[in-house]
Structures are given as C-alpha cells and as structure tokens.
Protein chains: 2
Amino acid sequence: MAASTLSEVARLAGVSLATASRVLNGSSRKPAEDIAERVREAADKLGYVPNAQAQALAKSSSGLIGLIVHDIADPYFSAIARGVQEAARQQNRMVLLASTSGAPSDEKEAVAAFAARRADSIVIAGSRSVRAEDKQGNTELAAELDRYCRNGGHVGVVGHPVVGASTTEGYHVVKVPNEELAAGLAVELAATHDGAFLIIAGPEGLYTSDDRVRGFQRGLADAGMPAAEVIRAGFNRAGGYEAGLALAERIKASKERLCIFAVNDVMAIGVTAALRPEGVWIPRDATIAGFDDIETLRDFRPALSTVHLPLEDIGRLAAGDPDTPPVSGAVKLRRSTETPVESQV
Amino acid sequence: MAASTLSEVARLAGVSLATASRVLNGSSRKPAEDIAERVREAADKLGYVPNAQAQALAKSSSGLIGLIVHDIADPYFSAIARGVQEAARQQNRMVLLASTSGAPSDEKEAVAAFAARRADSIVIAGSRSVRAEDKQGNTELAAELDRYCRNGGHVGVVGHPVVGASTTEGYHVVKVPNEELAAGLAVELAATHDGAFLIIAGPEGLYTSDDRVRGFQRGLADAGMPAAEVIRAGFNRAGGYEAGLALAERIKASKERLCIFAVNDVMAIGVTAALRPEGVWIPRDATIAGFDDIETLRDFRPALSTVHLPLEDIGRLAAGDPDTPPVSGAVKLRRSTETPVESQV
DNA sequence: TTGCAGCGGGAATGCGCTTTCCCACACGAA
DNA sequence: TTCGTGTGGGAAAGCGCATTCCCGCTGCAA
C-alpha cells in the first residue's frame, strides 16, 4: 500500500509540508485561498489520500470504534451492529469488528487488538457470564479493559457490566431492563393463561438468560401463579430445538396447555420447529413466547409473542450516541400465545 | 489513548529500542534468551501494548481488511460478513466495517476511507447496479478502486465486477452463478407445475436481480414453458410485501395456481406476508420460491423453496481465503412449492 | 520615521515503531 | 599470535503526518 504522500503534494504545489497539511487535513489555521487552491490541485492530480495511520500517530486519536459480538450473523448482534455502525458514521469514525463466539478469553484478545489499534472506544455486546469455565477469562478481560480505560479508552457494554471490572472512568453500561420486561411479559401472559408455565433458559450463569428467568418468575408470582419449571439449553436455535424435542412427549401426554417462555426469539423458534413434526401445534397444543423481537422473525407464523428491544438504539447508545433515547422495551403479544377459538368455550 | 511505549520498555529492560522491538514484535533476528526474558518482563510490568498504527506506518501494512455491505443487519450480508470475519481471523487481520445502503457514491467514500487507513484489502458485497442514477457514483467508485489497486491494494467483489472497473492487478471477483442456479430452479419447478409463472424482481439494472430473472426465464424456456411475467419492486422485504399486495386480487380471481419466483428470500417472505391476510395461502392458492436460503428463514412455514448459496464461503473467498471451495449453490425444493394433496387428484 | 501587533508561511520536532547499517566481541583456523 | 568470520546489540534513519515555534512581512498608531 504505497500512495502519494503529503510531502509530494507539498513539493508539487511549491509549498511547505505544514501548509499542505493545513490546507488538506483541516486545521485551525487557514492558509490564503490562492495557495490553498494550488495545494488542492496538486493533491487532486496526485490522487492524494491522507494516511490515517500516520494522522492517528501524529495526533494520537484513531477515529476507530471497536465492536465485539459473539456472532455477527446472529440477527440479534447484527441489529446492534447496525446501530453501532450508524453512530460511528455520525461521529465520522469507522467500526472495527471482532466476532468471538462468546469466550471471554477471545474477547480479551479482541480488546487487546483494539487497544493496539488505539481505538477511541470499544463496544462489547453479548451476554456476560459467570460460569466457572469463564472465570479466568473474565478476570483477564476485566484487567485488559481496565488497562484500556486507564489509558483513556471508552468502553460501552451492552446489558451487564463485565464481571470483575472495577468501575473506571470511561466505562459505561447500557442497561437493558431484561428482568422488568420479562416480569411484564409474565404478567400479561398470566392474564389469559391459567395453566402451567415453563421456561426454556440458556445456560446457568449467563446474565441475560438469568435475568429474564428471574423476571419472568417474579412476574408470575406477582400474578399469583406458581413458579415455572426451568429447563436449561443452549442460548441459540439449536438449544431451543433440543429443548423442544425433549418436551414434545410431555406436552402430548398432558391434558392442559403449557405456556412456554423461551428466553430469546431464536430459541423459541427452535422449540417450535422441534415441536411441529411431533404434531404439537402452537398455539393449539401449547403457547410460546420469546424475547428480543428479532426483525427477520416477524413474519414467522404463528406470529411470535415476544418482548421488543430497540436493538439498534442499544447499539447506538453503547457507541456513545447522545441523541438516542434510553432503552425501553415493550411486550408484544401475538398469535403464538393466543387462546385458540375452539378452546375458548 | 496514551499507553506505555516500546522505548519505555526498552529503558526499563536496559536494552535498546531495536532489541526490544525484536523481542516483542516478531523479527527474523532473535536476541539471546536471557535478554529476551528481561524485555518480556519489562513489557509485562508496564502493560505494554504495541501501537498497531505505528507498526503499520513503519512497515506499511496495516493488517486491516475493509468490508463494504449495504446493510449489516440484513441476514444475507451478515452471513457474508461472518465469512469475511473468519477469513480475517485466520489471516490475523481485523475487519473494518462500512454500511452504505447501496449507493455507489457512499461506497466510493468507504473505499477512500479504507484506503486512508491503508487496508490491505477491501471486500465489496452487495449487488452492483447500472441504473442511471448510479452512473456517476459507479464511475467514481471505479476510479477510487482503481487508484486503490494501483497503490497495491487487493479488492474482492461479490457477484459482479464493479461497473467500469478496468481489470487491474489485485482485483478479483467472486462469481456467483445466479443465472445458472435460477435456471436450475425454473427447470425443477416446471417439472411439477404447469400453470403460469411470475417473477417478482428487484429494480431493473440491479445485476443480481437481473441475472436471476434472466436465468429463470431461460430455465423456463428450456423446460418448454412460456416466459414469465416480471413485476419490479424493491430488493427487500418491503418490496416483496408491496408486490404481494398488488398481486392478491389477481391470484384470487384466477382459477389456476400461480408459481411465483421472488428473486431473493426476504422478498419471498414479504410476498407471503402480504398474501396471507388476503386469504391467499401458500402453497394452496399459489406457490413461491426465493433465492439465497437465508439461515434465519429456514424455520419459516411453509418452508421456502429457494436456492442455497454458501454465503459464508462467499465471504471467505472474497476475503482471499485460499482454502475455501469455489461457490456452488443448490436448488432446495420445499413445502412452499409443493403441490398440495387435495389438488393432486 | 519608528515601533508593535498580527498574520501567514516554513523549518523542525516528534508520534511509536521497524529496519538497516555499523560496531564490538568472541571464536576458530592458519 | 593474527586474521577472518559470524554473532548479537545499538545507533539512527525513516514511515507520513500534525504541530509548535520561529521569522519575515504588512499595516497601523505614535
């Protein structure tokens, strides 16, 4: 990647390096118009593209914003990524992407890489976890982030604080009211469903999942219902599918309709997909609700009851956009939890 | 973003800058083990993180790979992004992201920004277009890419070459056999459907869409069927939805089942979503097929007939991964184009 | 006419690192 | 003992740019 440099431009325009720099790359001092014009012409003729690396080095600020997600192809993350991207665009920055499949140790490396690139800020999306196997990774991640912040970096985390992070300057968490919203969902569901509830959760220790489970149980309690049984599975479609398979027989054997709460939309879809070939129809034989309100899944049938989350805004907020309204979700009851006509005797 | 520098490390370790560099940042010359150990300790104590910008400047190679997509939240692009990301990871690079909502002039700016950052290579996903309003943008984009390549950059384009790009060194196109696959789809559909066909296409001039339309028509011709009528709409779900609305009455009025080919999956979903409230059922009243085989839509019901594209591999290929097999799609016939039992008299 | 701001351009320094070149030293052969 | 030869560390020159000084010039008041 060689390209023409500023000094070449300066030479061609017959001015000094300083002047050329002032003309081309924005400075408080504005050279005279005629000379500026000459510089611009020279730059144009040479196809000059400023070297952002060198600029960053000289003024120690890179205009980069690092984004860490578990999986960029997951619609949850890609929606957040879009928000981050938009915020970055507004701030005239570029987004540096890292997918880590969720392991804190990978995330730590990503943070280090971002720090090496002197990213102005880092956004970490994806659920934090306190699982035992992540213990060391979490500690290292926290240390790395801490160092990054001490060196003047800004960190935005979606959902929960990074485990073990000492609240440093420049560290902010975009709170997602998972618990409250899950409680709200439970209350609304309890209003029309008086059978049993069941929760299909992610692995224990995953904050997002745990919060939603806790909230849902609290909502049930508030509504005067007994606590729901909790089944653990992977926090993705496959997990939901597996849980669905395990559940099919039970549902068919039972006489009353079960109301299932899967802690995110893709899990709910997985459950539904597993149930269908078994002849268990939603919402006829069981009802189901998810969480996130993933856009790509809106056309899914039966329409999935869920909790809407402004994912794009969340991304924007994490990226430090000041104009974005605070996170506020909303329960969306749709077909998948409706009481079918024939049983509304 | 201040941090400890290499010279601080060198001083603490009591060695020269050169030695410290050789120890910490990989060089062909390996200093003695005892001295290396001292340097490593010093680096560790200071929490040294090499400044990638400075490294890039010094060795003029940034380890960056730029990715340009229309919309990162679109599952088509996010799947490609995942592939690019993985390839980058393998090559020990980082991905720089730019979303452009499809305008060539935006893409041009993204290329310039990547060039400024001295990205080693650039991947452009998303359909090329020859629409009149994109004419100037295309020209500028081509010029910018050309300059980038001449300066030693590598460019990978998904699908079609950038309009007007003179084939320079370092420019490669990941061919996607849209036309052939669409033809294959048409042939397979024609085998079981003998009514009329209709194509819901994207805007005229969008290569991807045009290719698929052309291929489908050719397939129909090969199968001895008359050409299908073509309706134009937006190349996204909204476009499909709109087209679906416009179509509903017609389908209800007609006595024979129509077979609809939407040029991508999300459009097909949009069509289906528009048709459903009108009482038009797929595949009872009409059948429909899409293109892309988007993963998130696999659980959609009726299961969507489509053409599978190895999107992740495409991303990898565009990012220059040598171990990825060439692009090969496959027709996937599913429920949405099945002949329902009751009409199989 | 002299003195003093004020303005605009240029030389030079440094951002943090890689890499070339040089030099001191040790070792083996003659 | 002396001369090559190799080995390993250090000094220094950039990489491309921003920015701080510095300096010459002009315009104005005294």
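So you know, we letter chains A, B, ... as the sequences are listed, proteins then strands, and number each from 1.
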Exercise. When you check the gap from the basic side-chain N to the acidic O, do B:D146 and B:R150 get nearer than 4.0 Å?
Worked result: yes
What protein N or O atoms touch nucleotides 19-24 of chain D N or O atoms at under 3.5 angstrom, if any, and at what distances?
unit_1, atom_1, unit_2, atom_2, d
D:dC21, N4, A:R29, NH1, 3.4

Seminar exercise, completed: Sorted by chain and residue number, the side chain to side chain donor-acceptor pair (under 3.5 Å) partners of A:T5 (sequence neighbours excluded) come out as A:S7
Exercise. Atom CZ of A:R117 and atom P of C:dG16: how far apart are they, to the nearest Å?
Worked result: 17 Å
Exercise. Between atom CG in B:L24 and atom C1' in C:dT19, what is the gap in whole Å?
Worked result: 16 Å
Exercise. Within this structure, what is the CG-to-P distance between A:N51 and C:dC17, rounded to whole angstrom?
Worked result: 16 Å
Problem set entry | For A:R147, salt bridge (charged side-chain N to carboxylate O under 4.0 Å, His left out) partners two or more places apart | A:E144
Exercise. Taking OP1 and OP2 of D:dG10, is either one under 4.0 Å from a side-chain nitrogen or oxygen of B:S16?
Worked result: yes
Problem set entry | Residues in side chain to side chain donor-acceptor pair (under 3.5 Å) contact with B:T208, at least two apart in sequence or another chain | B:S127
Problem set entry | Bend angle of the helix from C:dT1-D:dA30 to C:dA30-D:dT1, from helix axes over five pairs at each end, nearest 10° | 60°
For this session: Calculate, to the nearest 0.5 Å, the distance between atoms CD1 and NZ belonging to B:I314 and B:K175 respectively.
Result: 11.5 Å
Exercise. Can you check the A:Q53 CD to C:dC17 P distance for me, whole Å?
Worked result: 14 Å
Seminar exercise, completed: From CG of A:L46 across to P of D:dG16 the rounded distance in Å is 14 Å
For this session: Mind calculating the distance between CD (A:E33) and P (C:dC7) to the nearest angstrom?
Result: 18 Å
Exercise. Is there a side-chain polar atom (N or O) of A:Q55 under 4.0 Å from OP1 or OP2 of D:dC17?
Worked result: no
Problem set entry | Salt-bridge contact A:R316-A:E312 (side-chain N to carboxylate O under 4.0 Å) | yes
Distance-only donor-acceptor pairs under 3.5 Å for side chains of residues 50-59 of chain A, two or more places apart:
unit_1, atom_1, unit_2, atom_2, d
A:N51, OD1, A:Q53, N, 2.8
A:N51, OD1, A:A54, N, 3.1
A:Q53, NE2, B:R117, O, 2.7
A:Q55, OE1, A:N25, ND2, 3.4

For this session: Round to the nearest Å and state the distance from A:L57 atom CG to C:dC15 atom C1'.
Result: 4 Å
For this session: Mind calculating the distance between CG (B:L6) and C1' (D:dG14) to the nearest angstrom?
Result: 16 Å
Exercise. Going by an N to O cut-off under 4.0 Å, is there a salt bridge joining B:E109 and A:R89?
Worked result: no
Exercise. Any ion pair linking A:E33 and A:R40 (charged N to carboxylate O, less than 4.0 Å)?
Worked result: yes
